Amino acid sequence: MGFLDVLLGRSKPALPDLDRLFALPSAAITLQAATGFTPTGRGSVCFATAEGAAFDQIRQDVRDLLDADTGRGGIPVEFSRDEYGYSWLLSQRDPADLPGLVGDLHAVNSTLQDTGFASGLLCSLVGFRNAEQQTLALVYLYKRGTFYPFAPLPGERRDHALELQVRAAVADDLRIEQDLTRWFPVWGAPGL
């Protein structure tokens, strides 16, 4: 930050604390006790795709890193693009290995951040399901460093009551986004 930035009151936004992702396993225990939702073993990272050889190499490096255990029965990561042009990386693990899944998501976010592609990172999410097969995601907003629950219903509707119940349940475990207008729907996101 330069002298003029200080004089004009501009500041650089602080980078989010990606280590907050590691609070998800603890929050999952709280969530299960309060609502009956358990991890699905699926999680994803959403980012704006950059063009060029440098980004292609990083994408391949991430794939190689996360697919290292496929020879031992691990599930390969999947890349997809949504209708808005954003890319998604889906990681899948045994539902009991939420710490491993969180490690995968952290590695992807860190790699993109450390290689200069942080501006393209949007969110990460971890999927949950209850006994009635209702889905839920805990979504991490990269630029805000906060979480929010997303509970989709058929027909692109949301279960707002469940989202508020989940917010109350995990508020001591996760830094919850206070601005409800930032609780964006992530319809059809890989990992839900």
Side-chain angles (χ1 to χ4, degrees), residues 14-35 37-50 54-82 86-129 135-150 166 169-177 186 189-192:
L15 286 177
D17 183 0
L18 289 174
D19 289 345
R20 289 186 180 144
L21 289 168
F22 293 117
L24 280 166
S26 173
I29 293 168
T30 303
L31 183 63
Q32 183 175 1
T35 65
F37 279 87
T38 58
T40 62
R42 297 166 48 96
S44 57
V45 177
C46 181
F47 52 94
T49 303
F55 186 80
D56 291 342
Q57 182 60 50
I58 291 165
R59 183 175 158 165
Q60 186 58 47
D61 291 347
V62 165
R63 182 183 296 276
D64 292 344
L65 173 69
L66 298 184
D67 285 350
D69 68 344
T70 57
R72 296 185 306 272
I75 301 170
V77 297
E78 298 173 20
F79 284 93
S80 62
R81 191 171 284 205
D82 66 20
Y86 292 106
S87 293
W88 290 85
L89 176 139
L90 172 67
S91 181
Q92 301 178 76
R93 290 193 172 246
D94 183 287
D97 189 15
L98 184 56
L101 178 63
V102 169
D104 289 351
L105 301 179
H106 187 276
V108 173
N109 279 287
S110 295
T111 299
L112 290 170
Q113 177 178 287
D114 295 345
T115 54
F117 294 100
S119 63
L121 282 166
L122 300 175
C123 67
S124 296
L125 65 85
V126 172
F128 294 84
R129 183 165 281 132
T135 58
L136 170 76
L138 290 176
V139 181
Y140 176 74
L141 291 172
Y142 177 80
K143 290 176 177 56
R144 306 275 295 176
T146 56
F147 292 86
Y148 68 90
F150 174 64
V166 169
V170 299
D172 290 338
D173 295 302
L174 301 174
R175 184 172 173 220
I176 299 295
E177 176 58 51
V186 285
L192 275 175

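Not measured: the values here are computed from a predicted model.
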State, to 0.1 Å, how close [X] and [Y] come at their nearest heavy-atom pair, and which atoms those are.
{"X": "Leu98", "Y": "Pro39", "answer": "CD2-CG, 4.0 Å"}
{"X": "Phe147", "Y": "Arg20", "answer": "CZ-O, 3.6 Å"}
{"X": "Ser91", "Y": "Asp104", "answer": "OG-OD2, 2.7 Å"}
{"X": "Arg144", "Y": "Arg175", "answer": "O-NH1, 3.6 Å"}
{"X": "Ala96", "Y": "Asp94", "answer": "N-OD1, 2.7 Å"}
{"X": "Thr146", "Y": "Glu177", "answer": "OG1-OE1, 2.6 Å"}

- [ ] Assess whether atom CG of Asp172 is packed by more than 12 heavy atoms of other residues, nucleotides or ligands within 6.0 Å.
- [x]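 It does not: Asp172 CG has 12 such atoms or fewer within range.
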Given side chains that start at C-beta, do those of [X] and [Y] come closer than 4.5 Å, heavy atoms only?
{"X": "His106", "Y": "Asp19", "value": "yes"}
{"X": "Leu136", "Y": "Leu31", "value": "yes"}
{"X": "Leu174", "Y": "Tyr140", "value": "no"}
{"X": "Val166", "Y": "Leu138", "value": "yes"}
{"X": "Val186", "Y": "Cys46", "value": "no"}
{"X": "Leu192", "Y": "Phe150", "value": "yes"}
{"X": "Thr40", "Y": "Pro95", "value": "no"}

Task: Step-by-step side-chain contact (heavy atoms from CB on, under 4.5 Å) determination, Leu122 to Phe47 - done: CA-CA 5 Å; Leu122 300 175; Phe47 52 94; 5.7 Å; no
Open item on the list: Using the rule given for side-chain contact (heavy atoms from CB on, under 4.5 Å), can you reason through Leu125 versus Trp88, listing the C-alpha separation, both sets of side-chain angles and the distance that settles it, and then say yes or no?
Closed with: CA-CA 10 Å; Leu125 65 85; Trp88 290 85; 3.9 Å; yes
Open item on the list: Can you list everything that forms a side-chain contact (heavy atoms from CB on, under 4.5 Å) with Thr30? Sequence neighbours excluded, please.
Closed with: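 Scan of Thr30 (side-chain contact (heavy atoms from CB on, under 4.5 Å), adjacent residues dropped) gives Asp173.
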Open item on the list: Rounded to the nearest 0.5 Å, what separates atom CG in Leu105 from atom CG in Asn109?
Closed with: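 Rounded to the nearest 0.5 Å, the CG-CG separation comes out at 7.0 Å.
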TODO: Look only at the side chain of Lys143 and the backbone of Leu121, and say whether a donor-acceptor pair between them is shorter than 3.5 Å.
DONE: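 Such a contact is found between Lys143 side chain and Leu121 backbone.
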